[in-house]
Amino acid sequence: EIPRVTGVQTCALPISDAKMVRFVLCLLASASATTVLPRSGATPLLALRGGAYPPPKAGYHALAAKGCAATKQTVMPNLLSGALAGGYVAFGGILSLTVASALGDVSPGVQKLVFGLLFPIALLNIVATGSQLFTGNTASVSAALLEGLIEPMDLVRNWVVTYAGNLIGSLLFVWAFQYTGLLTGTTAAMAAKITTGKCAGAMGPTIMKGILANWLVCLAAFMATIETDLAGKILGMWPCISGFVMMGFEHSIANLFLLPLGAAAGAEVSVMDMVMRNIVPVTIGNILAGAVIFAGSYSYLYGALGGHTKD
């Protein structure tokens, strides 16, 4: 509870820069423990922030319930929700590219730091609006399947439609950003450089980058699901999203925007390069992280795979 301090006797000290510390110490010393009284009717601090962080088991089953709810959307609403999510990821990419590319002559670490700190606005917009993102659904919808809440075809339909929606939203934003005339200068140069680099890796390492990226994304989605207030959701997901970006891991839906954008900016890569050297292996890695590592592990620890009940 928020306390009220009564009976404080202040010291007669003039307030100046030199004596400010002494004045504060005098105030603290003059208040005894018996004079700190709770204010009647005060709201507990935990209630102000939405309550205590729930236990992991409850959080896992909340994630499974969220996945079940995601599959209840019919095709067109699911497709629209996915397109909006793709657009929100693109917003994060545009913001990060625009600012990080304009830093000038700085070390690569500073550029990575700024890019990573700005990009999580993408997931914030998705979480706040309830839009469907394929990478998060690899965990939540898989959890729903493992807990017996949905059928296998529900999972397949949701993944396919959500991925298609994410792709549509991403490509529309590539066109929209190029149409603005802002894809020039350092922004265009950085977009092209990123695309070229993302299409240069071998299959195995690229799959592993996809696994590591979506492991962190699923953790972010997990914490955002079980937190009840916006501040808690932001604090839970921001470090995870920033982390995977700064470490250079691969996110399939982000790449559905970044790779075509880089190609539009002049990167010398073909559509086949983008699909086979990045999108396919990254998507495989993202699925392994969400469905097997995350949903599978926590179903074994807290759910049906381990013989546990919800309660």
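Throughout, residue positions are numbered sequentially from 1 according to the sequence presented. Small disclaimer: the values here were computed from a predicted structure and weren't measured.
Tracing side-chain contacts under 4.5 Å through hydrophobic residues (I, L, V, M, F, W, Y), one reaches M223 starting from I293; they form part of the same cluster. Connection of L123 to V282 is not established within any shared hydrophobic cluster, with ILVMFWY side chains joined at heavy-atom distances below 4.5 Å, either directly or through further cluster members. In the hydrophobic cluster analysis, where Ile, Leu, Val, Met, Phe, Trp and Tyr join through side-chain heavy atoms closer than 4.5 angstrom, F222 is grouped apart from L235. In the hydrophobic cluster analysis, where Ile, Leu, Val, Met, Phe, Trp and Tyr join through side-chain heavy atoms closer than 4.5 angstrom, V141 is grouped together with F134. Linking Ile, Leu, Val, Met, Phe, Trp and Tyr residues whenever their side-chain heavy atoms come within less than 4.5 Å leaves V75 and L155 in two separate clusters.
Looking at residues two or more places apart in sequence or on another chain, you find no side chain to side chain donor-acceptor pair (under 3.5 Å) involving K209. Residues meeting the salt bridge (charged side-chain N to carboxylate O under 4.0 Å, His left out) test with E250, sequence neighbours left out: K198. By the side-chain contact (heavy atoms from CB on, under 4.5 Å) test, V275 pairs with V271, V280, sequence neighbours left out.
We find the CG-CD1 distance between L95 and I121 to be 6.0 Å, quoted to the nearest 0.5 Å. Within the model, atoms CE of M153 and OG1 of T71 stand 12.0 Å from one another, a figure rounded to the nearest 0.5 Å. Atom CD1 in I126 sits 9.5 Å away from atom CG in L124 (nearest 0.5 Å). The OG atom of S242 sits 10.5 Å away from atom CG of L216, with the distance rounded to the nearest 0.5 Å. One distance of note links CG of L256 with CE of M274; it measures 10.5 Å at 0.5 Å rounding. Atom OG in S81 sits 8.5 Å away from atom CG in N166 (nearest 0.5 Å).
Here the side chains of L261 and F173 are not in contact, with every heavy-atom distance at 4.5 Å or above. M276 has its side chain out of reach of P281: every pair of non-hydrogen atoms, C-beta onward, lies at least 4.5 Å apart. No side-chain heavy atom of L133 sits under 4.5 Å from any side-chain heavy atom of T162. Side-chain atoms of M237 and P120, non-hydrogen and from C-beta on, never get closer than 4.5 Å to each other. Annotation: side chain of I279 is not in contact with side chain of S252 (no heavy-atom distance under 4.5 Å). Side-chain contact between D229 and K233: absent, with no pair of heavy atoms (C-beta onward) separated by less than 4.5 Å. The closest side-chain heavy-atom distance from V89 to S170 is not below 4.5 Å. With contacts defined as side-chain heavy-atom distances shorter than 4.5 Å, the pair W215/L288 does not qualify.
Between the side chains of Q132 and N158, at least one donor N or O lies within less than 3.5 Å of an accepting N or O. No hydrogens or angles considered: a donor-acceptor pair under 3.5 Å links the side chains of Y163 and T283. In summary, the side chains of T135 and N286 do not present any donor paired with an acceptor at a separation below 3.5 Å, with no hydrogens or angles considered. No side-chain donor from either of N278 and T206 sits under 3.5 Å from a side-chain acceptor of the other.
Here the closest heavy-atom approach between residue A144 and residue C68 is recorded as CB-N, 3.5 Å. Nearest heavy-atom pair, A295 versus A291, reported as atom, atom and distance to 0.1 Å: CB-O, 3.5 Å. C218 and A139 get closest at one heavy-atom pair: SG-CB, 3.5 Å. Minimum interatomic distance between A64 and L149 (heavy atoms only, all atoms of both residues): O-CD1, 3.8 Å. In this structure, A265 and A191 approach most closely via the heavy-atom pair CB-CB, 4.3 Å. In terms of heavy atoms, V106 sits closest to Q111 at CG2-N, 4.4 Å.
Ring centroids of Y179 and W175 are separated by less than 6.0 Å, placing the two rings close together.
Applying the side chain to side chain donor-acceptor pair (under 3.5 Å) rule to pairs touching residues 259-275 yields S270-D273, sequence neighbours excluded. The stretch residues 78-90 participates, sequence neighbours left out, in no salt bridge (Lys or Arg N to Asp or Glu O under 4.0 Å) pair at all. Counting only residues at least two apart or on different chains, the ring pair (Phe, Tyr, Trp, His ring centres under 6.0 Å) pairs with a member in residues 249-271 are F244-H251.
Relative orientation of the Y302 and Y60 rings is tilted, given thresholds of 30° and 60° on the angle between their planes. Taking the six-membered ring where the residue is Trp, F115 and F119 present parallel rings, their angle staying beneath 30° rather than reaching 60°.
Few gaps surround CE on M246; more than 12 heavy atoms of other groups in view lie less than 6.0 Å from it. Within 6.0 Å of atom NZ in K112, 12 or fewer heavy atoms from other residues, nucleotides or ligands are found, so the atom counts as exposed in its surroundings. The number of heavy-atom neighbours closer than 6.0 Å to CZ of F177, taken from other residues, nucleotides and ligands shown, is above 12.
In terms of modelled atom types and a separation under 3.5 Å, the side chain of T195 and the main chain of L258 share a donor-acceptor contact. Using a distance-only test at 3.5 Å, with no hydrogens or angles considered, a donor-acceptor pair links the side chain of D154 to the main chain of E151. Checking side-chain atoms of N214 against main-chain N and O of V217 turns up no donor-acceptor pair under 3.5 Å.
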Audit row: L146, L305, side-chain contact (heavy atoms from CB on, under 4.5 Å) steps and yes/no: CA-CA 7 Å; L146 292 172; L305 285 184; 4.2 Å; yes
Test side-chain contact (heavy atoms from CB on, under 4.5 Å) on V110 and L113; report intermediate values, then the result. CA-CA 5 Å; V110 173; L113 179 67; 5.5 Å; no
Go through it in stages, so that I can follow the logic: the residues are L167 and L171, the test is side-chain contact (heavy atoms from CB on, under 4.5 Å), and I'd like the CA-CA distance, side-chain angles, deciding distance and then a yes or no. CA-CA 6 Å; L167 174 61; L171 293 179; 3.8 Å; yes
Show your reasoning for whether side-chain contact (heavy atoms from CB on, under 4.5 Å) applies to E147 and H61. CA-CA 8 Å; E147 299 310 309; H61 286 282; 3.7 Å; yes
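Just one of L118, T187, L117 meets the side-chain contact (heavy atoms from CB on, under 4.5 Å) condition when paired with V99; it is L118.
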